[in-house]
Structure formats: C-alpha cells, structure tokens
Amino acid sequence: MTGIHGNRKLGTLEPGAVIGIIGGGQLGRMTAIAANHLGFKTAVLSERPEDPATHVANHHIPSTFDDPAGLTKLAELADVVTYELEQLPITALQFLAPIVPIVPGIQALQVAQDRINEKTFLAVNNIPTAPWHAVRGRNELLSVLEIIGYPAILKVAYGGYDGKGQAIIDGNENDYEILSAWDDLSKGVSMTGVLERRLSFDSELSVIIARDSDGNTATYDPTHNIHKNHVLDTSTVPAPISAETSKGARSICFKLAKTLDLVGLLCTELFLMPTGELFVNEIAPRPHNSGHWTLDASHTSQFEQLVRAITGLKLGDPSRFTSAHMKNLIGADIHKIEQYEGVADVKVHLYGKTDPRPGRKMGHVTFLNKTSLTE
Ligand code: ADP
Ligand code: MG
C-alpha cells in the first residue's frame, strides 16, 4: 500500500484509520489528541464514561480490560491498538493479538508491568539497578530484608503507580510492623513484591525514546525529575547534568528499546548516584508524565511520536527549542491555575477531571524558557 504522504512507509495507515487505546487516563487523552492532529480517529476502551480520554475520542467502549465483548468491539473498530497504562491483564493483549496489531507488543508489557520481570530483564542485560530481591510471599519478607539491608523499599510487583504500592522500611521497625507493611500492601490477597535498597541518589532522570518498526529512533533530552512523596512533582529540561551523563542515560534507554524490539515509546527512569553511576529504576512502554514538556518545548511531542511510530509514519524531530519546567497539578493544586492565566510562556494543560481528590493528577503547567520557578 502506498501512502498519500511522501514520508510514509509501506503499511502506513491512512488518514481516517482508527487507533485503539486501552486505558482512559490523561496519557490516552493526549495520545488521542495527537492522533486527531495527524488525521486519525481513536477508539478508547475504558470503564467509565467520565475517563479523560473518552472526552476526546471518536469512539468510547465502556468496558473492563478483561471483558471479551469490549475487547472484540475494540478490535473491530481499530486498525492498530496501543495501551496507555501497564496495569492491564496480559490476557487482554493475547486475546487481541490474533485480530489486530498491538504496539508496543506483549513482551514489552510483560517486562514492564511486573517489577520482578522488569528487574530480571535489566539484570540479564547488565543494566545497573539498586540492589533488589524478589519477595514471593509474606513468609519470605524478613529473610529477604536480611539480604538487602536497610534502608529498604518494599514494592508490590504488579499494579503500583505514582508511589502507590510502596512501603519504606528504614530499620527502626520491629518484625510485626514490617509484616504489617506487607499486609497493608497486599490487603490480605496473595501478592509478590520486590524489596529494594533505598538509594541516596543525587538526582532522578528520565529518558524517552521513540522507535519505529524499522528500528529508527528519536530520543528526547534527559529530564530532571523531582518527586514529592514518591509522586512526580516537577520535570525540567535541560537537566543539570554533564554531557557524559546525558550520553550514558540516552544509551541505556536506546539499548533497552532495541533489546525489547519495541515499537512506540519507552521511558527509562534513572537514579544518578553521587559516584556518577546511573541506575535504572523502572521502565514504561508508553507516554510518560516526565515527557509532558515535549508538548510545548519540542518540535514533536511524545504523543505525536507514539502515533507516528504505531501508524508507520516517519518519526518527528524530538529536539527541544527552549528550556522547560513542568509542574504537575495534583489534587487541590488545580485551584492555582488562575495565577497562570494570561502569563506569557506558561502553558496550562487540564485533563478534564472534575473531582480533585488528594494525590490525583488533575493537569500540569509548563513554564517555557525557565528551568525553575524562582529564576
Ligand atoms: P512508581 O511506579 O510509583 O513510579 P517507582 O519505583 O518509580 O514507582 O517509585 C516512585 C519514586 O519513589 C521514585 O521516582 C523515587 O523517587 C522513589 N524511589 C523508588 N525506588 C527507590 C529506591 N530504591 N531508592 C530511593 N528512592 C526510590
Ligand atoms: Mg516511577
């Protein structure tokens, strides 16, 4: 099939083709908007009609991720399917795979959605991480703690996000308190986890790479991320790091995307240690909160890049034309937006959520030509 655009490759989807998105959150919303910009339509599968991505999608399929009827409808509507979150059953993708292309593929999700798989994958590929150990049940926790030492972080293997599903164990707890931390996370249901050494890093970085089906890549500048209570607060580019660190971070992300043979986006979260070493924290085969600055400060946003990669369009230019400082609007922060109205170089993004519950990502603000709010 020859496309209508000169830069299209064989198999490229035509305008009007439908991109299926599993998940109705803000990442799906921004992907759908980017898809519309490029002339595509979207079908979002998510449970609730009020989910942010449904407001901008051409089709909404109200369905759980494991309902065959909903998945069948998605496959009927969509020419290609992607996902905007990791917390979905692999069986859903296995159900869809024979009917419709899924990008990124099942393997990327399998690796990224389970911290034991993820850290095993990193170890096999000689990528440094914090010392860690699998905890395959409550009865293993105390003996694994002896191996990892203090301070440590216990994380649920599956289903954690925005710092949820984590407990810090700093060494002052007794055995009863430590096991209670497990019980709080597992809520009495059988669970696997990982125990990690809690690192004293200098800073946190992330790198996002886009990769197409021919293996062409476009890598964004490393971003400097600050978390509050384990939730992303700000992301800043350029990151205050050396050229060597930047190169190292990019090459780790490139290697991971290549090894996974990933088509789409891969975000790699890293810890920069005082020694200059880079340890990978986790990876995500989807758009990432730390890349929201690309909407306003890069020639091609991460969302457009995802759409390009999965529809067979040529990847866009990822380079940045200004510095940027992105701040998440979490919960009641949403009420601060009035102060940004009419201010030059301040870009406000809201996700269409009406209930500003504590900890809920309601939107974000990107300050252009700035690397902090105080300069
Ligand atoms: P999530 O899936 O919630 O993003 P992460 O593993 O990325 O889970 O943890 C969230 C944040 O918690 C990290 O960005 C970092 O700030 C902190 N954190 C996680 N693991 C460690 C660790 N081993 N040492 C120190 N801080 C950590
Ligand atoms: Mg993280």
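All ligand and atom numbering here is 1-based and tracks the order in the structure.
- Salt-bridge check for K119 with E196: passed, with a basic side-chain N closer than 4.0 Å to an acidic carboxylate O.
- Relative orientation of the Y351 and H292 rings is perpendicular, given thresholds of 30° and 60° on the angle between their planes.
- Those atoms of ligand 1 that come under 4.0 Å of a heavy atom in D162, given as number and element, are 1 (P), 3 (O).
- By the 3.5 Å distance cut-off applied to N or O atoms, L199 is counted among the residues near ligand 1.
- Distances from ligand 1 to the non-hydrogen atoms of F271 include at least one value under 4.0 Å.
- Of the candidates I168, L195, I153, V231, I153 brings a heavy atom nearest to atom 18 (N) of ligand 1.
- In terms of protein heavy-atom proximity, atom 6 (O) of ligand 1 is closest to K155 NZ, 2.6 Å.
- Residue-ligand proximity, E269 to ligand 1, at heavy-atom distances under 4.0 Å covers atoms 7 (O).
- Contacts with ligand 1 closer than 4.0 Å are made by side-chain heavy atoms of R115 only, the backbone lying farther away.
- Nearest protein heavy-atom neighbour of atom 3 (O) of ligand 1: G163 N, 2.5 Å.
- Put simply, the angle at the Mg ion (ligand 2) from OE2 in E269 to OE2 in E282 is close to 80°, to the nearest 10°.
- Note on R211 versus D261: salt bridge recorded, some NZ/NE/NH1/NH2 to OD/OE distance being below 4.0 Å.
- From the protein, the heavy atom lying nearest to atom 8 (O) of ligand 1 is Q166 NE2, 2.9 Å.
- Salt bridge annotation for R138-D183: present, with a cationic side-chain nitrogen under 4.0 angstrom from a carboxylate oxygen.
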Carefully, step by step, assess T234 and H325 under the rule side chain to side chain donor-acceptor pair (under 3.5 Å). CA-CA 7 Å; T234 63; H325 179 74; 4.8 Å; no
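- Counting heavy atoms under 4.0 Å from ligand 1, residue R197 touches it through the backbone alone.
- In terms of polar-atom proximity, defined here as any N/O pair under 3.5 Å, E282 does make such a contact with ligand 1.
- Annotation: F201 places no N or O atom under 3.5 Å from an N or O atom of ligand 1; distance criterion only.
- Nearest protein heavy-atom contact of atom 14 (O) of ligand 1 is E204 OE1, 2.6 Å.
- In this model, a donor atom of one side chain and an acceptor atom of the other lie less than 3.5 Å apart for S235 and N225.
- In this pair, F271 and F201 present their aromatic rings parallel. The plane angle is below 30°, not in the 30 to 60° band.
- Y220 places a side-chain N or O within 3.5 Å of a backbone atom of Q302 that can act as its donor or acceptor partner.
- With L93 as the partner, the side-chain contact (heavy atoms from CB on, under 4.5 Å) test is satisfied by one option alone out of V81, L71, L88: L88.
- When heavy-atom distances to ligand 1 are checked against a 4.0 Å cut-off, H227 comes that close only through its side chain, counted from C-beta outward.
- Between the side chain of T12 and the main chain of G312, a donor-acceptor pair closer than 3.5 Å is present.
- In this structure, the protein non-hydrogen atom closest to atom 17 (C) of ligand 1 is H230 ND1, 3.9 Å.
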